[in-house]
Amino acid sequence: LLCKDSGHQDDALEYYKKSLSIMLTTAGEDHQDTAATYNNIGRVLVMKQEPDRAIESLERSLTISLKTLDETHPNVVLSYENMVSAYLLKGEFDTALKYCNKILAARLQTLPKNHPDVALSYRDLGNVYKMKGDTDKALENCLKALDVRLWAFGTTHIKIAESHSDLAEVFEARGDVNNALNQHKKSVTMRVSLSGEIPLTIEVADSCESMARIYKRHGHLREAIICHKESLKFKLMILGENHQSVADSYNHLAAIYEESGELDDALVCTEKQLAITRDVAGESNPKMAVAYSNFAIINKKKGDFNTALTFHEKALAIRKEALGENNPLLADTYYHMADALDAKGNKERALELFNKSLEIRLLALGENHPSVADSYAMAAALYNNRQELSKTLEYSMKALSIRVNAYGENHIKVAESHYLTGVAYAGLGEIQSAFGHFDKALDIILIVGGPNHHLVATIQTVVNQIVGAVQQCEEDG
């Protein structure tokens with residue numbers, strides 16, 4: 001059991017196989033200890049993510065067990081639980097639900113209806129229905145789990161906090177943002193209130209991150225930053241400074257600071273991410289490529305193009321070694337290198353790397369992926385710098401269409417595409433169309449980034465220049 005629970009699955013599997021051989025020799029095929037060993041082998045194979053072999057072993061266990069035991073026996077229920085895990089790995093949700101319902105039926109026959117294990121069955125059913133996409137059934141079962149737990153544990157208990165987190169995920173899947181946030185807040189509040197009795201666990205940080213994700217998706221960047229800071233605070237308390245999950249939190253914070261135009265704060269976070277990841281993962285780990293890339297992107301936005309290129313090259317070397325030449329993450333690196341080279345003035349090399357990025361992304365991700373939109377936006381910017389305005393408009397409109405479909409109207413990347421489309425129309429002399437896109441860009445930025453976002457001043461400057469040029473033409477005419 002120690003080998004199995006501590007992650008040494010190969011050692012555990014070898015141990016159980018030896019145990020099975022002994023059981024078959026001394027007790028025979030139909031003994032319950034033999035069935036238990038087949039079940040243990042199946043459980044380890046689930047942990048090794050080998051569901052087909054796991055199911056084969058678990059079916060043997062059940063065949064033996066059901067010869068002398070009924071379906072309510074704990075040993076049978078344990079095999080059913082492992083069957084659920086195996087079929088979830090295969091993505092066969094209906095079969096997983098069949099075994100979940102067998103477990104619930106067994107518990108309702110042998111336990112009081114308000115027993116915590118009955119609540120666990122409702123919770124498991126809710127989670128599988130959520131995975132399947134049936135959020136009505138998911139909500140129904142998660143609410144049943146909460147009701148049973150309230151009866152069993154009272155209103156303040158760690159299992160009640162767990163149910164609030166489950167409900168939050170279901171509400172989020174249903175698009176019910178307000179209820180999702182309320183349930184996450186209840187979970188966090190309860191976990192903190194119980195921390196004097198029960199040590200905080202990482203789930204409290206997870207709830208904060210989930211709230212941050214919801215806020216960010218809906219353009220509420222200030223609230224997202226607050227939630228990510230809360231998550232980081234809990235992770236530091238629970239995990240300590242040198243943990244990859246802490247580095248990930250700095251990464252999340254940096255991304256939102258970058259999106260809101262707060263580049264100094266973003267750079268501080270990427271520096272911390274980089275230092276922790278180097279200590280925890282090592283210099284050649286793919287996670288270092290992520291950290292190098294993030295550090296490079298912020299430096300480019302701050303105008304330090306040489307530093308940006310240096311760190312992109314470090315990321316590229318790690319990714320080539322780990323992933324090969326045609327992975328989308330290499331496309332990301334080529335894309336950002338092209339961005340830095342373009343900003344530095346090396347237009348031809350930028351266009352060359354951009355084409356590499358676009359080719360890989362189209363092949364790996366398809367035409368309508370947000371990363372392909374990023375490549376189209378890069379193409380628009382490059383063609384704008386070359387004063388090829390028809391090409392600028394073509395690619396900026398492609399990027400805009402994909403981004404609206406992917407993110408909705410109120411997203412900073414949609415605003416960026418409106419801005420660049422406006423620039424293209426202005427260059428082509430279609431001033432009314434240009435101002436329409438500039439207005440849309442400003443409206444979005446003021447909602448999601450606030451009045452201090454760097455693009456606000458950029459757009460206002462461009463608009464003033466166009467107005468001045470139009471007025472000058474009218475005076476000259």
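In this text, all values refer to a predicted model and were calculated from it rather than measured experimentally.
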(request) Describe, in one word, how the ring planes of Y99 and Y80 are oriented to each other, choosing from parallel (under 30°), tilted (30 to 60°) and perpendicular (over 60°). (result) tilted
(message) If we ignore hydrogens and angles and just use 3.5 Å, is the side chain of K301 paired with the main-chain N or O of L263 as donor and acceptor?
(response) no
(request) Kindly check if the number of other-residue, nucleotide or ligand heavy atoms within 6.0 Å of NZ (K229) is above 12? (result) no
(message) Would you say that E203 contacts F234 through its side chain, given a criterion of any heavy-atom pair below 4.5 Å between the two side chains?
(response) no
(request) Would you check if the side chain of S193 reaches a backbone N or O of M190 as a donor-acceptor pair within less than 3.5 Å? (result) yes
(request) May I ask you to check whether N368 and N405 show a side-chain donor-acceptor distance below 3.5 Å? (result) no
(request) Check whether any side-chain heavy atom of V148 lies under 4.5 Å from a side-chain heavy atom of P116, and answer yes or no. (result) no
(message) Measuring from atom CD1 of I103 to atom CG of L120, what distance do you get when rounded to the nearest 0.5 angstrom?
(response) 8.5 Å
(message) Salt bridge check, R123 against E169: does any charged N sit closer than 4.0 Å to a carboxylate O?
(response) no
(request) Determine the sole option in R319, E313, K314, H312 for which the side-chain hydrogen bond (donor to acceptor under 3.5 Å, both in side chains) test with T333 is passed. (result) R319
(message) Can you tell me how the ring of H411 sits relative to the ring of Y407, calling it parallel under 30°, perpendicular over 60° and tilted otherwise?
(response) parallel
(request) With N39 as reference, evaluate S79, S57, S61 under the side-chain hydrogen bond (donor to acceptor under 3.5 Å, both in side chains) test and give the passing residue. (result) S79
(message) Just verifying a value: how many Å separate R213 CZ and I256 CD1, rounded to the nearest 0.5 Å?
(response) 11.5 Å
(message) Is it the case that atom NZ in K440 sees more than 12 heavy atoms from other parts of the structure closer than 6.0 Å?
(response) no
(request) Indicate yes or no for a side-chain donor-acceptor contact from S401 to the backbone of M397 under 3.5 Å, with no hydrogens or angles considered. (result) no
(request) Could you tell me whether the side chain of S187 and the main chain of A161 form a donor-acceptor pair under 3.5 Å? (result) yes
(request) Keeping the roles fixed (side chain from T277, backbone from L274), state whether a donor-acceptor pair exists under 3.5 Å. (result) no
(request) Answer yes when D166 and K130 have at least one side-chain N-carboxylate O distance shorter than 4.0 Å, and no when they do not. (result) no
(request) Using salt bridge (charged side-chain N to carboxylate O under 4.0 Å, His left out) as the criterion, list what pairs up with E416, not counting sequence neighbours. (result) none
(message) If you compare all heavy atoms of G126 against all heavy atoms of N141, which two are closest, and at what distance to 0.1 Å?
(response) N-CB, 3.6 Å
(request) Taking H243 for its side chain and S245 for its backbone only, find out whether a donor-acceptor pair lies under 3.5 Å. (result) yes
(message) Strictly below 4.0 Å, N to O, side chains only: are R222 and E262 in salt-bridge contact?
(response) yes
(message) Test your reading of the model: is there a side-chain donor-acceptor pair from S293 to the backbone of V290, 3.5 Å cut-off?
(response) no
(message) So M211 and K185, do their side chains get closer than 4.5 Å, heavy atoms only?
(response) yes
(message) Run the ring pair (Phe, Tyr, Trp, His ring centres under 6.0 Å) test against Y38 and tell me which residues pass, sequence neighbours left out.
(response) none
(message) Can you give me the closest heavy-atom contact between I160 and L150, atom names plus distance?
(response) CD1-N, 3.7 Å
(request) Using ring pair (Phe, Tyr, Trp, His ring centres under 6.0 Å) as the criterion, list what pairs up with H164, not counting sequence neighbours. (result) none
